[in-house]
Amino acid sequence: SSKKFISKNFNNVYKISSFLSLGEGVFFTSFNGKAFLLDKELNLKEKKRVGFAPLSACKFKGNDILLGFRDGEILDFKSGIKKQVLKSKISALACMEDEIFIGDGDGVVYKFDKDLKLKGQKALFNNKIKRIFIDKGVLNGVNLDNEIKSLEINSF
């Protein structure tokens, strides 16, 4: 809203692996296992070591942030609690109300409830999902070949 460009460099950040706009600031992770929470002026509010190679993130229940890792674990950024949810790589996350959608390295999307209990799964592609997002009750996925496919949320 201020229409000004802000640029910052952060030391020891190796390749940004996820990025979320939070309205009042931004959140991002680096492949070397660090997570950064910044205010709207991009000043550092919080920095945590979260573990090697967080690949995706989503906002859950307000401003709670969940991170997905290449070993199939999910991390709640606020509490620091990690839970194994998949045996495969978590390559994409999307959150909606009390539901969490996880895209994996094999092209499958999994639907979990707020307690990380599996509620369903659907094959979307034959290869890695690199991004998923939800728009008007539809889950949209993008794979490595930049193909886009959609699924109705209530089809799980």
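The basis for the numbers below is simple: all heavy atoms, side chains too, and nothing from hydrogens, waters or symmetry mates.
The two residues Cys58 and Ala94 make their nearest non-hydrogen contact at SG-C, 3.9 Å. Of all heavy-atom pairs spanning Lys83 and Asp115, the tightest one is NZ-O, 3.6 Å. Taking each heavy atom of Val50 and Phe69 in turn, the nearest pair found is O-CZ, 3.5 Å. For the pair Pro54 and Ser17, the tightest heavy-atom approach, listed with the atom from each and the gap, is O-OG, 2.5 Å. Across all non-hydrogen atoms, the minimal contact from Phe156 to Gly120 is CD2-C, 3.9 Å. Contact record, Gln84 with Asp71: NE2-O, 2.7 Å, taken as the closest heavy-atom pair.
Expressed to the nearest 0.5 Å, how far CG of Leu75 lies from OG1 of Thr29 amounts to 10.5 Å. Rounded to the nearest 0.5 Å, atoms CG (Leu20) and CZ (Phe77) are 10.5 Å apart. In this structure, CG on Asp113 lies 7.5 Å from CD1 on Ile100, to the nearest 0.5 angstrom. Separation of atoms SG (Cys95) and CD1 (Ile134) is listed at 7.5 Å; rounding is to 0.5 Å. Here the CD1-CZ distance, from Ile65 to Phe27, works out to 4.5 Å after rounding to the nearest 0.5 Å. For the atom pair CG of Leu139 and CD of Glu152, the computed distance is 10.0 Å after rounding to the nearest 0.5 Å.
Applying the side-chain contact (heavy atoms from CB on, under 4.5 Å) test to Val13 and every residue at least two apart in sequence or in another chain returns Phe10, Ile16, Phe28, Ser30, Phe36. Residues meeting the side-chain contact (heavy atoms from CB on, under 4.5 Å) test with Lys40, sequence neighbours left out: none. Looking at residues two or more places apart in sequence or on another chain, you find no salt bridge (Lys or Arg N to Asp or Glu O under 4.0 Å) involving Lys45. In this view, Glu46 and Lys48 satisfy the salt bridge (Lys or Arg N to Asp or Glu O under 4.0 Å) rule, not counting sequence neighbours.
Inter-residue side-chain proximity for Ile102 and Val109 is flagged as unmet; no heavy-atom pair is nearer than 4.5 Å. Using a 4.5 Å cut-off on side-chain heavy atoms (C-beta onward), Lys34 and Tyr14 make no contact. The shortest distance between side-chain heavy atoms of Leu55 and Ile90 does not fall below 4.5 Å. The shortest side-chain heavy-atom distance between Asp76 and Lys78 falls under the 4.5 Å cut-off. Two residues are said to be in side-chain contact when any heavy atoms from C-beta on lie closer than 4.5 Å; Lys149 and Asn140 fail this criterion.
Both Ile74 and Val108 are members of a single hydrophobic cluster when ILVMFWY side chains are connected at heavy-atom separations under 4.5 Å. Cluster annotation: Leu151 and Val138 are assigned to distinct hydrophobic clusters (Ile/Leu/Val/Met/Phe/Trp/Tyr, side-chain heavy-atom contacts under 4.5 Å, transitive). No continuous path of ILVMFWY side-chain contacts below 4.5 Å connects Met96 to Phe133, so the two sit in separate hydrophobic clusters. Hydrophobic clustering places Leu118 together with Leu86 (ILVMFWY residues linked when any side-chain heavy atoms are closer than 4.5 Å, directly or through intermediates).
Judged by distance alone, the side chain of Lys82 and the main-chain N or O of Gly51 form no donor-acceptor pair under 3.5 Å.
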Leu38 and Leu44: CA distance, side-chain angles, deciding distance, side chain to side chain contact (heavy atoms under 4.5 Å, CB included) verdict: CA-CA 5 Å; Leu38 311 174; Leu44 187 63; 3.8 Å; yes
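Residue pairs satisfying the salt bridge (Lys or Arg N to Asp or Glu O under 4.0 Å) criterion with at least one member in residues 93-106, sequence neighbours excluded, are listed as follows: Glu99-Lys111.
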Output a table of donor-acceptor pairs, distance under 3.5 Å, between side-chain atoms of residues 123-131 and any protein atom two or more places apart or on a different chain; print 'none' if there are none.
unit_1, atom_1, unit_2, atom_2, d
Asn127, OD1, Asn143, ND2, 3.0
Asn127, ND2, Asp145, OD2, 3.3
Lys130, NZ, Asn146, OD1, 2.5

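With a 6.0 Å radius and a threshold of 12 heavy atoms from other residues, nucleotides or ligands, Lys15 has its NZ atom at or below the threshold.
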